[in-house]
Number of protein chains: 2
Amino acid sequence: MITVNALSEVAALMGDPARAAMLSLLMDGRAHTASDLAITAGITAQTASGHLSRMVEGNLLAARAQGRNRFYRLASSDVAHAIESLMALAGTRATPASRTAAWRRDPDLRFCRTCYDHLAGQVGIAVTDSLTQHGYLEPKGPRDWKLTQPGELFCERLGVDLPGARQASSRHFARQCLDWSERRPHISGALGAAIADTFFKRGWAERLRRSRTVRLTDSGRRALGSHFGATV
Amino acid sequence: MITVNALSEVAALMGDPARAAMLSLLMDGRAHTASDLAITAGITAQTASGHLSRMVEGNLLAARAQGRNRFYRLASSDVAHAIESLMALAGTRATPASRTAAWRRDPDLRFCRTCYDHLAGQVGIAVTDSLTQHGYLEPKGPRDWKLTQPGELFCERLGVDLPGARQASSRHFARQCLDWSERRPHISGALGAAIADTFFKRGWAERLRRSRTVRLTDSGRRALGSHFGATV
DNA sequence: TTGATGCTTCGGCTGCCGCCGAACCATTGA
DNA sequence: TCAATGGTTCGGCGGCAGCCGAAGCATCAA
């Protein structure tokens, strides 16, 4: 069966520590330079170059040249979801030595991070829960959400770029994405990305360099309370 | 970050051709003997033994001794879902040589297979669609379904072991599982397994040995029409 | 008890793959 | 044009991990 080989090839591509470190950084959804990825993985530029070209060849990454730099990003949100599902598995692996799951040791990452291009972790869940509890978001089908009329008004007041989000016709508008640390769905898709953008633009959250971890600012914490009625 | 290592370890465990072949066989949800798995992977018993103990150690598999034999099965449905998500990735990898996705080359597998312990593929989707269209199944939350009152009656008439399914309190009753070939959700969980059992018990479907592929019998094809109002 | 079967452990071989140094190409800026 | 910077290609080294043969335990059937 051909699918077996394909399975092992994809898995093997993710199964090297250096490549996994790069993929983990790229889970922030942004594009990073080859040298940036090399430093993150703790290897030389030429070794990283080999890894990167292999991952492009394997359709895990997409590359874009810009001047002297070469930027790499995840090829698709499917790749991000596959990585998340593996991380969910890794998180439940209770080692006999310490029964503490791996993600528990990184509380900041668990608190708030980017998942591809939208917010995840406790903050991502808090935002999503608020939207559904206020009736702004309703489940639609197995893996999507519907933004209700009041929900549209709410987003507009918040400054979310709804027209821009709808314009990205090639991707899902409001998608459910399983959160690997909270093990519940949060909002992703074009709307999820637009909401995350709003958080960054209004100074409610800051990306930490070289990490998926996101820091919630003081004003962000206040905004969660006043706009979303949530405390984290 | 510790999660990075955990990610690469899990992925590497799936990234070996022999182990991937074993995992693929175990995706039928049943337990298989060590020698059976060795033959499937095309390696000797002692080599397989090493692979199997590593996968047990890595919490991918669970082992159970029975007489002289030792049976291995997937440790949890989480493992099955992670493998499915990787297969979904592998399926979309269009090689430049042939733009045909891998699963297209195995139409039987795409038509009907077991996913862990329930039906997947076109038949799994047809059954699920029929249940939802008749109002027997309603979406409940992001990843579950609710079996309605008419749905319970329908299942009882069909001979599905509902009490037995409800008894498995440790697992989800009616879960949504994303089908990697159809890319839509089908019914899984205890109810999904019970429905699949009914198909096998009533001779509507037959497992092909050493494969996830399931053959729909003639009576099964008729049953799909008469009971589910579906044609495949 | 004896032999057959299923599985595992041990030891040693082999090949692959990740790694780096060195050299090379491309872009930028002076 | 020349130096500096970012990336890739090439060649060779070293270690790990997958593989098997041989031997060692269990279990079952006589």
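Treat the numbers as computed from the prediction; the structure is a model and nothing was measured. In what follows, chains are A, B, ... by sequence order, proteins preceding strands, each numbered from 1.
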When rounded to whole Å, the CD to P distance for the pair A/E57 and C/dC17 reads 14 Å

So do B/M14 and B/L60 actually touch side chain to side chain, heavy atoms under 4.5 Å? yes

When rounded to the nearest 0.5 angstrom, what is the spacing between CE in A/M55 and CG in A/L26? 7.0 Å

Anything under 30° is parallel, anything over 60° is perpendicular, the rest tilted; go ahead and classify B/W204 against B/F199. perpendicular

Could you tell me which residues satisfy side-chain contact (heavy atoms from CB on, under 4.5 Å) with B/A45, sequence neighbours excluded, listed by chain and number? none

Between atom CG of B/L89 and atom CE of B/M87, what is the distance when rounded to the nearest 0.5 Å? 12.0 Å

Under 4.0 Å protein heavy-atom contact, by nucleotide of nucleotides 6-20 of chain D - B base, S sugar-phosphate only: SSBB--------SSB

To the nearest angstrom, how far is A/M22 atom CE from C/dC19 atom C1'? 12 Å

